[in-house]
Amino acid sequence: MEVAESEQGSLVVVDTRRQSSWDHGHIPGAVHIPTAQIPALASNLIPAASKVVVYSWGPGCNGSTFAALAFAELGYSVKEMIGGIEYWIRNGLPLETASGVSSQKPDPLVTAHA
């Protein structure tokens, strides 16, 4: 929820999934850098002093763990969004696709919202 509740511009949110997953839906305002491309692209897309939060699919996927390591090795301050896009969606938070931004009703079994 730190990402959802953060002040706009205070964090750079990075979706580390492959292109087809990004196209299926991502956090509005996120930057797309697949994990394998972080060493080559990060410094061109994200200022060095940025606070970075990486995410992948969800808690069963370790892609964001490898992405966080890649950013840390480049000297970035980085956190991993453990629940990934799965729990973002399940909490009823907005999802962006080519069709626009939409939200679903929060799942009462997992939501952090009251």
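Residue numbers count from 1 along this sequence.
- Of the possible polar contacts, none joining the Trp88 side chain to the Ala4 backbone as a donor-acceptor pair under 3.5 Å is found.
- Residues Leu45 and Leu74 share a single hydrophobic cluster, defined by chaining ILVMFWY side chains whose heavy atoms lie under 4.5 Å apart.
- Looking at heavy atoms from C-beta onward, Met81 lies out of side-chain contact with Val54 at the 4.5 angstrom threshold.
- Annotation: side chain of Val31 is in contact with side chain of Val12 (closest heavy-atom distance under 4.5 Å).
- Neither Leu11 nor Ile33 shares a network with the other; the hydrophobic side chains, linked directly or stepwise wherever heavy atoms of I, L, V, M, F, W or Y lie under 4.5 Å apart, form separate groups for each.
- Side-chain contact between Tyr87 and Asp107: absent, with no pair of heavy atoms (C-beta onward) separated by less than 4.5 Å.
- Annotation: side chain of Pro59 is in contact with side chain of Glu86 (closest heavy-atom distance under 4.5 Å).
- The aromatic rings of Trp22 and His32 sit parallel, their planes meeting at an angle under 30°, below the 60° perpendicular limit.
- With hydrogens and angles disregarded, no donor-acceptor distance shorter than 3.5 Å links the side chain of Ser50 to the backbone of Val52.
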Any chance you could lay out the side-chain contact (heavy atoms from CB on, under 4.5 Å) test for Tyr55 and Arg17, step after step, and finish with the verdict?
CA-CA 8 Å; Tyr55 73 89; Arg17 302 171 302 148; 4.1 Å; yes
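- Between Glu80 atom CD and Thr65 atom OG1 the span is 3.5 Å, to the nearest 0.5 Å.
- Between Val53 and Val14 there is no side-chain heavy-atom pair separated by less than 4.5 Å.
- Residue Ser103 holds its OG atom at 11.0 Å from CG of Asn91, rounded to the nearest 0.5 Å.
- Linking Ile, Leu, Val, Met, Phe, Trp and Tyr residues whenever their side-chain heavy atoms come within less than 4.5 Å places Leu93 and Leu95 in a single cluster.
- More than 12 heavy atoms of other residues, nucleotides or ligands shown are found within 6.0 angstrom of CZ on Arg90.
- Here the side chains of Ile27 and Ile85 are in contact, with some heavy-atom distance below 4.5 Å.
- Atoms CD1 and OG, on Ile82 and Ser56 in that order, are 9.0 Å from each other to the nearest 0.5 Å.
- Taken from OG1 in Thr16 to CD in Gln37, the straight-line distance is 11.0 Å, to the nearest 0.5 Å.
- The backbone N or O of Ser20 lies less than 3.5 Å from no partner atom in the side chain of His24, so there is not a single donor-acceptor pair.
- Between Thr97 and Gly25 the shortest heavy-atom distance is CG2-CA, 3.8 Å.
- A donor-acceptor pair under 3.5 Å links the side-chain atoms of Tyr76 to the main chain of Ile46, judged by distance alone.
- By the 4.5 Å heavy-atom criterion applied to side chains, Phe66 and Ile38 are not counted as neighbours.
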